[in-house]
Amino acid sequence: MDFLSTLSIFVMACFVGYYVVWSVTPALHTPLMAVTNAISSVIIVGALIASSAATGGSELSKWLGLLAVVLASVNIFGGFAVTRRMLAMYKKKDKKPAAPK
Amino acid sequence: MDHVASGTPAWAMLAYLVAGVLFILSLRGLSSPETSQKGNQYGMIGMLIAVVTTLVLHGTGLPLIVGAIAFGGTIGWLIAQKIQMTAMPELVAGFHSLVGMAAVLVGASAYLNPEAFGIVDAAGQILTASRIELGLGVAIGAITFSGSVIAFLKLSGRMGGSPIMLPGRHLLNLAVLASILGLIAYFVFDSQPAVFWTITGLSFAIGFLLIIPIGGADMPVVISMLNSYSGWAAAAMGFTLQNTAMIITGALVGSSGAILSYIMCKAMNRSFISVIAGGFGADAEAGGPKGDGVAKPYKAGSAEDAAFIMKNAESVIIVPGYGMAVSQAQHALREMGDLLKAEGVSVKYAIHPVAGRMPGHMNVLLAESNVPYDEVFELEDINSEFAQADVAFVIGANDVTNPLAKTDKTSPIYGMPVLDVEKAKTVLFIKRSMGGVGYAGVDNPVFYMDNTMMLLADAKKMVETIVKSLGH
């Protein structure tokens with residue numbers, strides 16, 4: 001992939017993000033922050049590449065990567081779990097199933 | 001070198017794209033509480049796909065890596081189970097700092113071992129574009145880290161919430177920011193270690209310097225802003241690795257945090273720049289009529305009075321604020337609401353966007369105490385109802401109810417949208433004492449109105465006593 005196609009994906013994703021986030025109900029803004037926190041830990045991809053690099057002179061690079069894997073994992077598991085816990089608390093007034101609308 | 005990023009096989013590129021789309025769906029799910037759990041699951045599946053794909057592509061030294069994931073994951077999971085809902089702002093700030101640090105570490109390991117990341121040219125030098133992306137990624141990551149650490153310390157009360165002002169800080173901050181940008185540009189021509197580590201070090205410093213002068217009341221903006229930064233850091237790393245999942249996520253999280261910051265700034269009628277410049281609430285003497293030293297008369301009431309008034313009301317609107325979170329009064333409050341509803345009183349909750357320390361803070365606490373979310377209303381949806389309400393019950397909120405924001409142009413909170421509690425027939429205002437003023441340091445005329453009854457006590461104790469009086 002060249003730089004321009006990467007940039008196109010980025011710009012499009014910014015627009016998607018803009019519209020998707022405005023549609024989030026304000027009552028769920030705290031879970032939104034928790035879940036964005038969890039998904040931004042996709043940076044673990046870079047950490048995994050660094051820590052599994054077979055060659056290359058730097059042993060330090062590998063360990064830094066491994067440390068990043070640990071930090072990102074705290075965030076991924078913590079972020080998704082706490083979001084789930086929060087979302088489970090949001091209940092409607094009645095026990096009746098919500099009207100599909 | 002089959003793990004050169006540009007040589008990523010097609011199936012893996014597709015898998016990363018699918019992960020990115022699942023992340024979009026996870027945010028989409030949050031448009032309503034009914035679909036939100038499903039959204040969260042999409043997010044988890046997306047993350048699983050991204051991690052497994054990477055491991056299949058690059059997986060060597062698996063035991064160590066799986067061990068690292070299990071170790072970090074266990075810690076994260078335990079924290080998520082144990083954390084109190086009132087501590088959510090500092091938890092989120094703490095998590096932001098981890099993303100920031102992870103970005104710095106990934107950037108550093110990419111700098112130390114660029115071959116593994118596939119960002120070298122034929123001569124073994126780091127590619128020009130990658131140098132800019134690396135520099136930016138590390139800088140944003142470091143700012144996110146140190147800024148979030150300060151936010152965490154302030155939110156968890158380990159550091160005073162009041163702004164700390166360094167002399168000449170604007171000039172200092174601008175100078176540091178300019179040097180970071182200058183060094184990133186210079187890094188393109190000279191990629192020696194000193195340049196890279198100076199960028200990293202200065203960025204840690206600026207994150208610290210930027211957040212330290214910002215006071216507690218502005219934390220909702222700060223925490224949203226850091227949320228945004230953590231996204232941009234991930235995006236910058238995504239450019240380095242040419243990874244679609246990271247780029248899409250970075251853009252999503254970046255815009256999410258930016259939109260939340262915008263909403264918070266608007267709800268305080270403050271510009272983003274003025275929040276970042278910091279120092280709000282530091283000078284309590286700024287503007288507005290300050291009581292001329294003479295204590296103004298106010299009516300104080302007891303829990304029994306409050307219980308009696310509300311029992312005989314037709315409609316009560318409850319206005320919670322940060323004070324409710326501090327005293328953990330949400331469960332007692334819900335009990336009070338239930339008893340009132342049993343008496344045939346209509347009970348609603350009115351939430352100001354900046355009530356609490358992060359966006360949606362009050363909503364989570366009310367949900368935790370089992371208040372149905374369809375009884376909880378946003379400012380613009382409920383503000384017209386105060387005029388018809390019998391009682392406005394303010395608990396732990398202050399500035400967000402101050403009518404001076406509508407009338408007094410000299411007030412520091414002028415222009416901020418506020419809840420019109422003063423229009424209700426009776427205002428019951430729980431406050432610890434008459435001494436303190438809100439975070440903006442402005443007196444609130446609602447305290448001294450004829451139809452206001454001040455309930456001076458700890459929020460939780462007061463509500464519990466009201467519950468007792470309602471019981472019989």
Side-chain angles (χ1 to χ4, degrees), chain A residues 1 3 6 9-10 13-14 16-18 20-21 23-24 26-30 32-33 35-37 39-40 42-43 45-54 56 58 60-61 64-78 80-84 86-87 89-93 98, chain B residues 23 27-28 30-31 33-34 36-37 40 43-44 50 54 58 60-61 68-69 72-73 75-77 79-80 92 95 98-99 101-103 105-106 108-109 112-113 115-116 129 227 230-231 234 237 241-242 245-249 251-253 255-256 259 359-360 363-364 367-368 372-374 378:
Chain A
M1 262 197 307
F3 178 75
T6 325
I9 295 174
F10 177 70
C14 284
V16 171
Y18 179 85
V20 169
V21 172
S23 76
V24 172
L28 293 178
H29 276 164
T30 297
L32 171 69
M33 297 197 89
V35 85
T36 48
N37 216 322
I39 64 175
S40 57
V42 73
I43 200 145
V45 168
L48 290 171
I49 295 175
S51 54
S52 59
S58 180
L60 176 65
S61 158
L64 291 181
L66 209 59
L67 183 59
V69 172
V70 173
L71 296 183
S73 303
V74 172
N75 231 321
I76 293 171
F77 284 77
F80 282 125
V82 87
T83 307
R84 196 169 121 155
M86 276 192 273
L87 292 175
M89 299 184 311
Y90 283 82
K91 288 182 203 84
K92 253 188 130 92
K93 207 174 325 196
Chain B
F23 291 147
L27 297 198
R28 181 79 190 109
L30 292 173
S31 58
E34 280 120 66
S36 56
Q37 284 288 19
N40 197 32
M44 295 186 215
T54 313
H58 303 274
T60 54
I69 294 178
I75 296 176
W77 191 81
I79 295 175
V92 168
F95 278 172
L98 297 183
V99 180
M101 197 52 180
L105 292 173
V106 171
S109 40
L112 292 171
N113 190 3
E115 288 91 3
N227 185 238
S230 67
M237 288 301 158
L241 296 174
Q242 306 265 298
M246 281 166 87
I247 292 171
I248 294 179
T249 315
L252 284 180
V253 178
S255 23
S256 168
I259 290 173
N363 303 80
V364 171
E368 183 202 12
Y373 62 80
D374 36 6
E378 301 302 318

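In what follows, chains are A, B, ... by sequence order, proteins preceding strands, each numbered from 1.
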First locate atom CD1 of A:Ile39, then atom CG of B:Leu27, and finally report the distance between them rounded to the nearest 0.5 Å.
4.5 Å
Provide the closest heavy-atom pair for B:Leu252 versus A:Ala13 in the form atom of the first, atom of the second, distance.
CD2-O, 4.3 Å
For A:Leu66, which atoms come within 4.5 Å of any heavy atom of chain B: side chain, backbone, both, or neither?
both
Roughly how far, to the nearest 0.5 Å, is the OG atom of A:Ser40 from the CE atom of B:Met237?
13.0 Å
Distance col, row B:Glu34:CD vs A:Tyr90:OH, nearest 0.5 angstrom, shows 13.5 Å
Between atom OG1 of A:Thr83 and atom CG of B:Leu30, what is the distance when rounded to the nearest 0.5 Å?
8.0 Å
Per-residue tally against chain B (heavy atom, under 4.5 Å) across A:Val20, A:Val42, A:Val21 peaks at A:Val42
Is a donor from one side chain sitting under 3.5 angstrom from an acceptor on the other, for B:Asn227 and A:Thr36?
yes
What part of B:Thr249 gets within 4.5 angstrom of chain A, counting heavy atoms only: side chain, backbone, both, or neither?
side chain
I'd like to know which of A:Gly65, A:Gly78, A:Ala72, A:Ala50 tops the heavy-atom pair count under 4.5 Å against chain B.
A:Gly78
Interface check, chain A: of B:Ala50, B:Ala80, B:Ala245, most non-hydrogen pairs under 4.5 Å belong to B:Ala80
Value rounded to 0.5 Å, distance of CG in B:Leu105 from OG in A:Ser51
11.0 Å
Options B:Val364, B:Ile248, B:Ile75, ranked by heavy-atom pairs under 4.5 Å with chain A, top entry:
B:Val364
Which heavy-atom pair separates A:Gly17 from B:Ser255 by the least distance, and what is that distance?
CA-OG, 3.8 Å
B:Trp77/A:Val74 under side-chain contact (heavy atoms from CB on, under 4.5 Å): CA gap, chis, key distance, verdict:
CA-CA 7 Å; B:Trp77 191 81; A:Val74 172; over 6 Å; no
Determine yes or no for a side-chain-to-main-chain donor-acceptor pair under 3.5 angstrom, with B:Ser31 supplying the side chain and A:Val24 the backbone.
no
Any idea which heavy atoms bring A:Ala68 and B:Val106 closest together, and the distance?
CB-CG2, 4.0 Å
Expected output: side-chain A:Thr30 to main-chain B:Pro359 donor-acceptor under 3.5 Å:
yes
State whether the side chain of A:Ser73 and the backbone N or O of B:Gly73 hold a donor-acceptor pair below 3.5 Å, judged by distance alone.
no
A:Asn37 side, atom CG; B:Leu98 side, atom CG - distance, nearest 0.5 Å:
8.0 Å
Toward chain A, the part of B:Met44 with a non-hydrogen atom under 4.5 Å:
both
Look at A:Val82, A:Leu67, A:Leu87, A:Val70 and state which one has the largest set of heavy-atom pairs under 4.5 Å with chain B.
A:Leu87
Are the side chains of A:Leu32 and B:Ser256 in touch, meaning some heavy atoms are under 4.5 Å apart?
yes
Of the backbone (N, CA, C, O) and the side chain (C-beta and beyond), which part of B:Glu378 lies under 4.5 Å from a heavy atom of chain A, both, or neither?
side chain
Is it true that a side-chain atom of B:Thr54 and a backbone atom of A:Val45 form a donor plus acceptor pair closer than 3.5 Å?
no
So which atom in A:Ile43 and which in B:Ala234 form the shortest heavy-atom distance, rounded to 0.1 Å?
CD1-CA, 4.0 Å
Do the side chain of A:Asn75 and the main chain of B:Phe95 share a donor and acceptor less than 3.5 angstrom apart?
yes
Under a 4.5 Å cut-off applied to non-hydrogen side-chain atoms, are B:Asn363 and A:His29 in contact?
no
In short, B:Ala108 meets A:Leu64 closest at the heavy-atom pair CB-CD1, 3.8 Å
Shortest non-hydrogen pair, B:Leu241 vs A:Gly46, comes out as CD1-CA, 3.5 Å
